[in-house]
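Working notes, beginning with the structure itself.
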Protein chains: 2
Amino acid sequence: MENEKAVTLQDIANRLNLSVVTISKALRNHPDISIKTTKLIKKVAEEMGYMPNIMARNLSSRKSNTLGLVVPKIAHHFFGAIIESIFDLAFQQNYETILTVSQENAEREKKHLLTLLSMKVDGIIISVTQETKDLSVFEMIERRGVPIVFIDRVPESAQNYNIVKVDDYNGAYKAIEHAYNLGYRKIAHFGGATNINIGRDRMNGFKDAMNNFGIEINPNWIFEGGYSENSGYEFFMKLYKENNLPELILAVTYPVALGIYMAAKEVGLEIPKDIDVICFGNAKVQSFLSPPLSCIDQPTDLISKNAIDLIMKKIDDEDNEIAPQQIVLDTSLVLRGTCIKKH
Amino acid sequence: MENEKAVTLQDIANRLNLSVVTISKALRNHPDISIKTTKLIKKVAEEMGYMPNIMARNLSSRKSNTLGLVVPKIAHHFFGAIIESIFDLAFQQNYETILTVSQENAEREKKHLLTLLSMKVDGIIISVTQETKDLSVFEMIERRGVPIVFIDRVPESAQNYNIVKVDDYNGAYKAIEHAYNLGYRKIAHFGGATNINIGRDRMNGFKDAMNNFGIEINPNWIFEGGYSENSGYEFFMKLYKENNLPELILAVTYPVALGIYMAAKEVGLEIPKDIDVICFGNAKVQSFLSPPLSCIDQPTDLISKNAIDLIMKKIDDEDNEIAPQQIVLDTSLVLRGTCIKKH
DNA sequence: TTGTAGGCGTTATCAC
DNA sequence: GTGATAACGCCTACAA
């Protein structure tokens with residue numbers, strides 16, 4: 001069974017007794033070609049089922065109209081929401097987005113980044129893994145002149161790159177302030193790795209708030225671990241076995257909070273009566289958990305919007321005259337069935 | 001600020017006084033080149049920071065090592081899980097995956113499909129929108145010799161394509177059988193569009209089970225709508241306003257069930273006491289809903305695994321000698337806090 | 001074991 | 001207004 005061969009500009013040119021160049025120009029609405037010819041060419045191209053070969057086009061034009069997006073995970077609400085809106089916004093501006101998933105693995109991330117470079121994307125938006133420390137790839141990307149924007153997660157030493165993130169420090173601070181007013185004094189923080197900003201800033205906001213309100217920080221209640229359900233589960237179980245549970249846990253992400261829910265259920269402890277929780281990240285489904293989970297909301301749509309705007313600006317700025325920008329968005333406290341009163 | 005120019009094979013060749021072909025072959029471990037030369041070339045390439053231009057490579061080799069993936073949504077658990085595992089499996093086989101989101105819009109889907117074709121992907125995996133009826137694009141893709149595999153959702157008239165799906169009919173049947181044994185007789189189905197298999201098969205499984213067990217089907221309790229939270233919410237509200245609520249609702253997806261949770265909460269009805277629910281689709285978080293949501297589990301990992309295996313087989317089968325395959329996977333009932341007893 | 005020639009499909013440049 | 005020519009960076013086939 002023979003496959004149909006793809007129609008090329010040459011085929012159309014042959015049929016019409018015109019040159020390849022004329023066809024190419026006409027299809028791109030180049031003013032060189034008369035309206036009449038353009039119309040004819042477009043009609044014939046349509047008839048013949050012409051489809052541009054994007055590889056060839058990109059190779060020759062040195063422009064791909066493509067964005068690279070690197071995230072640590074897909075199946076987490078936060079990243080799902082970010083990806084969906086970035087794809088949408090890019091599509092509206094006629095950009096294709098190439099998604100790549102690092103699975104929280106720095107080596108894999110680096111490999112993906114190199115692939116994106118090889119694919120000649122016009123810009124890269126990335127949320128790094130929790131292990132990412134080595135900046136050499138990013139420096140190389142910069143040197144190559146490919147704009148890069150960090151969203152949400154930024155390596156500690158990359159604070160002068162283009163960044164769109166959330167005010168994590170204040171988010172944590174506000175949560176602790178709220179808990180303090182509720183009367184909570186025994187508060188734990190299940191935090192993330194502190195080599196990236198979200199872990200560090202949330203930790204700092206937590207600690208500063210604790211200190212400012214004169215609450216003692218119990219080092220056994222501070223964890224610097226991961227962002228996944230497993231982490232939440234394990235930290236909780238550790239404290240439970242030590243018989244050393246706090247009254248309230250500030251979880252660094254929604255999955256961590258879910259891990260806490262799992263663990264508490266398993267050992268027969270009731271939230272929020274026996275142990276209370278609040279977390280970063282606002283998924284719609286949190287309203288339907290038992291109990292509904294309160295959180296520090298991160299505005300995912302705004303993050304995406306700002307990231308796209310920024311990267312487009314950078315792509316247009318061919319001479320690289322615009323200085324890197326750091327955009328910090330506000331969080332807000334969303335109170336539901338947890339962390340609303342002390343038990 | 002001048003950008004670093006990308007290193008090409010030519011640059012390496014110049015430096016080593018060898019031909020471009022030798023470099024190209026060495027970097028691809030072609031047996032033509034001696035081990036010694038190959039080693040040297042690789043070392044120098046590394047030093048010079050060489051990165052292949054994938055556009056050029058694909059253009060000349062007519063192979064992209066790239067898969068196209070089209071889904072209707074990202075931020076739904078089912079698709080998130082599918083995407084994550086497909087990306088992972090493809091990556092392990094050295095394939096890049098280009099994801100594209102149709103947003104349940106058939107026109108957009110078609111556009112994406114054409115783009116993927118233009119990008120010369122080696123194969124396409126797709127879960128269609130609920131509106132997709134027109135098969136012409138798929139026929140064209142076939143004619144072009146690009147393998148395509150449908151997962152989960154398949155247009156009615158495409159049943160002889162490559163398909164990996166779930167036994168939706170039996171899933172629905174089993175659920176109704178279970179409900180019948182519990183004593184339920186007033187059962188509604190919030191279904192999907194019936195022009196694609198998942199809506200149709202679940203509906204048929206539902207109806208056949210109802211008939212077989214001698215339960216009367218109330219047409220006012222049958223909806224053929226959508227797969228989103230909105231649908232669940234609206235259908236529920238409609239019945240509520242008519243004061244015509246059933247005892248149990250079989251929801252076509254987890255988001256639809258979530259919509260029902262939202263609506264019930266809003267009007268002060270308690271699940272499962274006042275109204276009971278069961279749905280297709282198993283997200284981990286369903287265990288933590290209030291009440292924990294029972295479901296008909298669809299094995300997402302197995303779907304992805306089978307889809308990748310099938311597409312790879314098709315890609316290798318250049319002469320197109322293997323007949324299209326339809327793979328149907330079993331579902332299982334996962335009982336939690338809903339649909340476990342009649343109230 | 002290495003190199004030469006030609007082409008993949010498109011676009012940029014400059015001439016007609 | 002239209003076209004010839006030369007890239008873009010790489011690969012295949014064949015020659016040396």
Side-chain angles (χ1 to χ4, degrees), chain A residues 3-42 44-45 48-66 115 117-122 144, chain B residues 3-42 44-45 48-66 114-115 117-122 144 318:
Chain A
N3 296 330
E4 216 166 79
K5 254 188 48 204
V7 179
T8 69
L9 292 182
Q10 185 67 60
D11 297 330
I12 305 178
N14 290 152
R15 168 99 98 90
L16 291 174
N17 269 325
L18 288 168
S19 80
V20 178
V21 184
T22 307
I23 312 296
S24 169
K25 284 183 178 166
L27 292 178
R28 285 176 293 141
N29 295 315
H30 200 292
D32 268 6
I33 313 299
S34 73
I35 299 191
K36 204 172 137 221
T37 320
T38 299
K39 261 200 178 144
L40 172 66
I41 292 178
K42 284 198 172 173
V44 174
M48 297 177 71
Y50 170 77
M51 286 170 42
N53 181 326
I54 293 190
M55 302 291 165
R57 168 175 292 177
N58 293 348
L59 181 60
S60 155
S61 69
R62 269 168 237 66
K63 226 280 186 184
S64 67
N65 261 266
T66 295
T115 304
L117 238 34
S118 275
M119 296 177 95
K120 303 293 169 191
V121 295
D122 294 334
R144 287 267 203 278
Chain B
N3 296 329
E4 217 166 79
K5 252 186 50 205
V7 180
T8 70
L9 291 183
Q10 186 66 61
D11 297 330
I12 306 179
N14 290 151
R15 170 98 98 89
L16 290 173
N17 268 326
L18 288 168
S19 79
V20 177
V21 184
T22 307
I23 312 294
S24 168
K25 284 181 177 167
L27 291 178
R28 283 176 293 142
N29 295 314
H30 200 293
D32 269 5
I33 313 298
S34 73
I35 300 191
K36 206 174 133 217
T37 319
T38 300
K39 261 200 179 145
L40 172 67
I41 291 178
K42 284 199 173 172
V44 174
M48 298 178 69
Y50 171 76
M51 288 170 44
N53 181 327
I54 294 190
M55 301 292 165
R57 169 176 291 176
N58 294 348
L59 181 60
S60 84
S61 70
R62 267 169 238 70
K63 226 276 183 187
S64 67
N65 263 267
T66 294
L114 294 180
T115 304
L117 238 35
S118 275
M119 295 177 96
K120 303 295 172 188
V121 295
D122 294 332
R144 287 268 203 277
E318 289 178 14

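Everything quoted here is computed from the prediction, not taken from an experiment. Chain identifiers are assigned alphabetically (A, B, ...) following the order of the sequence lines, protein sequences preceding nucleic acid strands; residue numbering begins at 1 within each chain.
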B:M55 atom CE is separated from C:dT11 atom C1', nearest whole Å, by 15 Å

Atom CG of A:L27 and atom C1' of C:dT11 are separated, to the nearest Å, by 12 Å

Of A:V20 and A:K25, the one whose closest nucleotide on DNA chain C sits nearer the 5' end is A:V20

A:R57 atom CZ is separated from D:dG9 atom P, nearest whole Å, by 18 Å

Taking B:S24 for its side chain and B:V20 for its backbone only, find out whether a donor-acceptor pair lies under 3.5 Å. no

A:L9 atom CG is separated from D:dA4 atom C1', nearest whole Å, by 15 Å

Between B:S61 and C:dC8, is there a contact of a side-chain N or O with OP1 or OP2 at under 4.0 Å?
no

### N/O donor-acceptor pair, side chain A:T22 with base D:dT2, under 3.5 angstrom
no

OP1 or OP2 of C:dT2 under 4.0 Å from side-chain N/O of B:T37:
yes

Which of D:dG9, C:dT10, D:dC11 is nearest the side chain of A:S60? It is C:dT10

Rounded to whole Å, NZ of B:K63 lies from C1' of C:dG9 at a distance of 20 Å

Heavy-atom nearest nucleotide on DNA chain D taken for B:D32 and for B:M51; more 5' hit belongs to B:M51

Regarding the side chain of A:N53, the nearest nucleotide among C:dG9, C:dT11, D:dT2 is C:dG9

With side chains defined as the heavy atoms from C-beta onward, is the minimum distance between A:L27 and A:Y50 less than 4.5 Å?
yes

Against the side chain of B:S19, the closest entry in C:dT10, C:dT11, C:dG3 is C:dG3

Q.
With a cut-off of less than 4.0 Å, is there a side-chain N or O of B:Y50 near OP1 or OP2 of D:dG9?
A. no

task: State, with a plain yes or no, whether a side-chain heavy atom of A:T66 is found less than 4.5 Å away from one of A:M119.
output: no

- prompt: Is the shortest side-chain N/O distance from B:S24 to OP1 or OP2 of D:dC11 below 4.0 Å?
  reply: yes

Can you confirm whether B:N53 sits close enough to A:K120 that some side-chain heavy atom of one is under 4.5 Å from a side-chain heavy atom of the other? yes

* Touch check for B:L18, heavy atoms < 4.0 angstrom, all strands: base, sugar-phosphate only, or nothing? -> sugar-phosphate

Separation of D:dC11 atom P from B:R62 atom CZ, nearest Å, is 12 Å

Between A:K42 and A:N29, is there a side-chain heavy-atom distance shorter than 4.5 Å? yes

B:D11 atom CG is separated from D:dG9 atom P, nearest whole Å, by 9 Å

A:Q10 CD to C:dC8 P, in whole Å, measures 9 Å

By nearest-heavy-atom nucleotide on DNA chain C, the more 5' of A:A6 and A:V21 is A:A6

